[in-house]
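For reference, the structure I am asking about is given below.
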Amino acid sequence: MNANCVLPIIVFAGASLPLTVQAAPDGELLDLINAYRADPPSCEGVPKGPLPPLESNSALARMELGAGRQLKEVLRAAGFLAARAEVITLSGPSDAGAAMRFAAQLNCRLLLSRRYSVAGVSRQGREWQILLAQPLLGPDIGDWQEAGRQVLKLVNSERAKGRACGSAYYEAVLPLHWSAKLGAAALSHSRDMAQHNYFGHKGSNGSTVAVRARDEGYLWRRIGENVATGRAKPEQVVEGWLSSPGHCLNIMNGSFTEMGAAYAVNPKSDTVIYWTQVFGTPR
């Protein structure tokens, strides 16, 4: 069992803002931003190609970033799971057109970023707020079993090819089979990490993967575990594990024959999403 970890990739930007009264959504400014993205000028001297529109998000438009409140704090309180988010605040423009010109002059890089897919725009008088975000969980991630089986598919693709784990090369090995009991053990640990806001192999009750698998009725001859946090998609999780020699060794270990994997989410925890992958060979 390897005790290394995959570091979180959740990124937030933005400082405390002076907006303290409830702002009204402003769809006109978002329309202008999307028109700007569709036919962008050069930004900071770099030509830009067309970008997809930002999807309007009413929850982001309603968020109030008052004095002393950080963006990360506000997103968590609203239950918005963000992989990353940034905010633009403008003071002075009298209408959406003026706000757009001002925002483009000061923040073209952010307005033309591919890192964000949703936005909420609001105003209060001459105070404007543009909140850009990338949701942590995509609509295609599915429930924990769907995501776990996608992890299995990706892992078996790597096992079929063979690969280097650090300085050591491992030949192709047989595919792993899905184990419902190992999946349940993975889910239990992911939920425990999410609920108790920690990251590691030892459970909040002191349990190890060997104990958790046994508690699910899995009688094992060999057992192993990978964990990760902050990664939003199965592809990102597996990529992170493969880049770590210890995790990669578990994935390429031909002694393992079965696997289960699961994620759990807690918006109020430090890294929001937690993954566990359990490998086993039954008796």
Side-chain angles (χ1 to χ4, degrees), residues 1-12 72 75-76 79-85 117-118 133-158 176-205 207-209 211-213 215-216 218 223-244 246-248 250-251 256 258-280:
M1 181 170 66
N2 186 273
N4 294 331
C5 66
V6 176
L7 297 176
I9 58 167
I10 298 180
V11 178
F12 295 93
K72 185 176 181 180
L75 289 168
R76 279 189 184 173
F80 188 95
L81 306 184
R84 64 188 69 89
S117 63
V118 299
Q134 180 61 39
L136 178 63
L137 302 181
D140 57 345
I141 189 173
D143 63 18
W144 71 268
Q145 291 190 73
E146 292 177 274
R149 288 182 179 274
Q150 179 63 18
V151 169
L152 175 65
K153 180 180 178 180
L154 294 166
V155 163
N156 280 339
S157 175
E158 295 300 322
L176 297 168
H177 300 286
W178 180 261
S179 165
K181 292 177 180 179
L182 293 182
L187 179 62
S188 173
H189 189 53
S190 291
R191 285 177 171 172
D192 189 56
M193 288 190 289
Q195 179 182 353
H196 293 94
N197 194 25
Y198 75 93
F199 178 62
H201 290 283
K202 183 178 287 188
S204 62
N205 62 356
S207 66
T208 64
V209 62
V211 172
R212 292 188 290 269
D215 288 347
E216 296 296 339
Y218 190 86
I223 200 77
E225 181 180 74
N226 286 342
V227 291
T229 185
R231 307 256 171 171
K233 298 179 180 180
E235 293 82 359
Q236 295 172 334
V237 176
V238 173
E239 180 184 2
W241 283 329
L242 290 171
S243 68
S244 164
H247 294 90
C248 181
N250 276 343
I251 289 173
F256 292 131
E258 298 181 334
M259 193 206 86
Y263 72 88
V265 169
N266 179 3
K268 296 184 179 180
S269 65
D270 287 341
T271 51
V272 182
I273 186 169
Y274 300 79
W275 295 81
T276 306
Q277 179 184 34
V278 183
F279 304 88

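Keep in mind it's a predicted model, so treat the numbers as computed, not measured.
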message = For a quick check under 3.5 Å, do Tyr198 and Asp192 share a side-chain donor-acceptor pair by atom type?
response =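 On atom types as modelled, these side chains qualify, holding a pair under 3.5 Å.
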
message = Assess the residue pair Asp143 and Glu146 against the criterion (side chain to side chain contact (heavy atoms under 4.5 Å, CB included)); give the C-alpha distance rounded to whole Å, side-chain angles, the decisive distance to 0.1 Å, and a yes or no.
response = CA-CA 5 Å; Asp143 63 18; Glu146 292 177 274; 3.3 Å; yes

query = Around Glu235, counting heavy atoms of other residues, nucleotides and ligands shown, do more than 12 lie under 6.0 Å from its CD?
reply = yes

message = Restricting to salt bridge (Lys or Arg N to Asp or Glu O under 4.0 Å), what partner residues turn up for Glu216, sequence neighbours left out?
response = none

Nearest heavy atoms of Gly200 and Val227, plus distance in Å = O-CG1, 4.2 Å

request  = Give the ring-plane orientation class for Trp178 versus Trp144, where under 30° counts as parallel, over 60° as perpendicular and anything between as tilted.
outcome  =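 Ring orientation of Trp178 relative to Trp144: tilted.
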
query = What are the two closest heavy atoms between Pro234 and Ala147, and how far apart are they?
reply = CG-O, 4.0 Å

query = Looking only at atom types and distance, does a side-chain atom of Ser190 sit under 3.5 Å from a main-chain N or O of Thr276, one as donor and one as acceptor?
reply =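 Yes.
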
message = Rounded at 0.5 Å granularity, tell me how far OG in Ser207 sits from NE2 in His189.
response = 7.0 Å

query = For the residue pair Ser117 and Gln134, what are the closest heavy atoms and their distance?
reply = OG-OE1, 3.0 Å

request  = Compare every heavy atom of Asn266 with every heavy atom of Ala194, then report the nearest pair and how far apart it is.
outcome  = O-ND2, 2.8 Å

remark   = Scanning both residues in full, the closest heavy-atom pair of Ser179 with Leu182 reads OG-N, 3.1 Å

request  = Determine, stepwise, if the pair Leu176 / Ile251 fulfils side chain to side chain contact (heavy atoms under 4.5 Å, CB included).
outcome  = CA-CA 9 Å; Leu176 297 168; Ile251 289 173; over 6 Å; no

message = Could you walk me through whether Thr229 and Met193 satisfy the side chain to side chain contact (heavy atoms under 4.5 Å, CB included) test, starting with their C-alpha distance in whole Å, then the side-chain angles of each, then the deciding distance to 0.1 Å, before giving a yes or no?
response = CA-CA 9 Å; Thr229 185; Met193 288 190 289; over 6 Å; no

request  = Start with the C-alpha distance between Val155 and Gln277, add both sets of side-chain angles, then the distance that settles side chain to side chain contact (heavy atoms under 4.5 Å, CB included), and finish with yes or no.
outcome  = CA-CA 11 Å; Val155 163; Gln277 179 184 34; 3.3 Å; yes

remark   = Closest heavy-atom pair, Gly260 versus Ala186, reported as atoms and distance to 0.1 Å, is O-CB, 4.0 Å

query = Given side chains that start at C-beta, do those of Val209 and His201 come closer than 4.5 Å, heavy atoms only?
reply = no

request  = Name all residues meeting the ring-ring contact (aromatic ring centres under 6.0 Å, His included) criterion together with Tyr263; count only those two or more places apart in sequence or in a different chain, and write none if there are none.
outcome  = Trp275

query = Is any side-chain heavy atom of Val151 less than 4.5 Å from a side-chain heavy atom of Trp241?
reply = yes

